[in-house]
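Everything on this sheet refers to the single structure shown next.
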Amino acid sequence: EDQVTQSPEALRLQEGESSSLNCSYTVSGLRGLFWYRQDPGKGPEFLFTLYSAGEEKEKERLKATLTKKESFLHITAPKPEDSATYLCAVQATSGGSNYKLTFGKGTLLTVNP
Amino acid sequence: EAQVTQNPRYLITVTGKKLTVTCSQNMNHEYMSWYRQDPGLGLRQIYYSMNVEVTDKGDVPEGYKVSRKEKRNFPLILESPSPNQTSLYFCASSLLRNTEAFFGQGTRLTVV
């Protein structure tokens, strides 16, 4: 069974204080790993897709990396507007032709001014 | 504007009264799916569809039905809602199986 574990559950940072969020996954074969941002009461908003170990992607203050067992979302010099829940999801190759995404429970990030 | 639209946004209903939550996307995406989000449990997939007339169960399909008669629409049907189906529901669509999913704004359902 595919599993995704995110840590920490909650993270509080001061503005400008860089940190990383972790997403550990267990799948028989990885088709893709996705990072989303979710604001309260809204649908998840896509950030990144990573397909193979060693891959990295960046967008503004965010950088996502991938290894064979985990992914990190690095946040550099965060601002209060980066406060949100960050979700990680995986899609496995073992599912054959199906379309299944398994989500972690998310990390609630709060950035204080 | 590319978007996934769900209706209604909020719904309070009584146990056993059939309801439908609509989902429509304007991006000509092949793949669509429904999720429920509950505190402490995260997002869980209910059903998905890979094309018109092709649907399959996700992780928590019990008590739900779906149909995909048109490419753009993927309604979620609760034939006999129960209080344990009180949740926040999201519809999503993707161009390909392994590309990013675009989510709707959510439907908050309360069954009393």
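Convention: sequence-line order gives letters A, B, ...; per-chain numbering from 1.
Using a distance-only test at 3.5 Å, with no hydrogens or angles considered, a donor-acceptor pair links the side chain of A/K105 to the main chain of B/G40.
With contacts defined as side-chain heavy-atom distances shorter than 4.5 Å, the pair B/T99/A/T49 does not qualify.
Neither the backbone nor the side chain of A/L47 comes within less than 4.5 Å of any heavy atom of chain B. Proximity to chain B is absent for every atom of A/F48, based on heavy atoms less than 4.5 angstrom apart. Interface remark: B/Y35 contributes side-chain atoms only to the contact with chain A (heavy atom separation under 4.5 Å). For B/E100, the parts sitting under 4.5 Å from any heavy atom of chain A are the backbone and the side chain alike.
Annotation for A/R12: atom CZ does not count as buried by contact number, only 12 or fewer foreign heavy atoms lying within 6.0 Å. Within 6.0 Å of atom NZ in B/K65, 12 or fewer heavy atoms from other residues, nucleotides or ligands are found, so the atom counts as exposed in its surroundings. Summarising the local packing, NZ of A/K57 is surrounded by more than 12 heavy atoms from other residues, nucleotides or ligands at distances under 6.0 Å. When the shell of 6.0 Å around CD of A/E9 is examined, it contains 12 or fewer heavy atoms from other residues, nucleotides or ligands. Shown here is A/E1, whose CD atom has no more than 12 heavy atoms of other residues, nucleotides or ligands within 6.0 Å.
For the atom pair B/L41 CG and A/F103 CZ, the distance stands at 14.5 Å (nearest 0.5 Å).
Put simply, A/L66 and A/L62 are part of the same group of oily side chains (I, L, V, M, F, W, Y) that touch within less than 4.5 Å, one to the next. Under the 4.5 Å side-chain heavy-atom criterion for ILVMFWY residues, a single connected hydrophobic cluster contains both A/L109 and A/L73. In the hydrophobic clustering of this structure, B/F90 groups with A/F34; members are Ile, Leu, Val, Met, Phe, Trp, Tyr whose side-chain heavy atoms approach within less than 4.5 Å, directly or through other members.
Interface check for chain A: of the options B/S33, B/G106, B/S49, B/A101, the most heavy-atom pairs under 4.5 Å are formed by B/A101. Listed options B/R108, B/Q37, B/R44 were ranked by heavy-atom pairs under 4.5 angstrom with chain A; first place goes to B/Q37.
A salt bridge links B/D59 with A/K100: the closest approach of a Lys/Arg side-chain nitrogen to an acidic carboxylate oxygen falls below 4.0 angstrom.
In this structure, B/F103 has its ring center at least 6.0 angstrom away from the ring center of A/F46.
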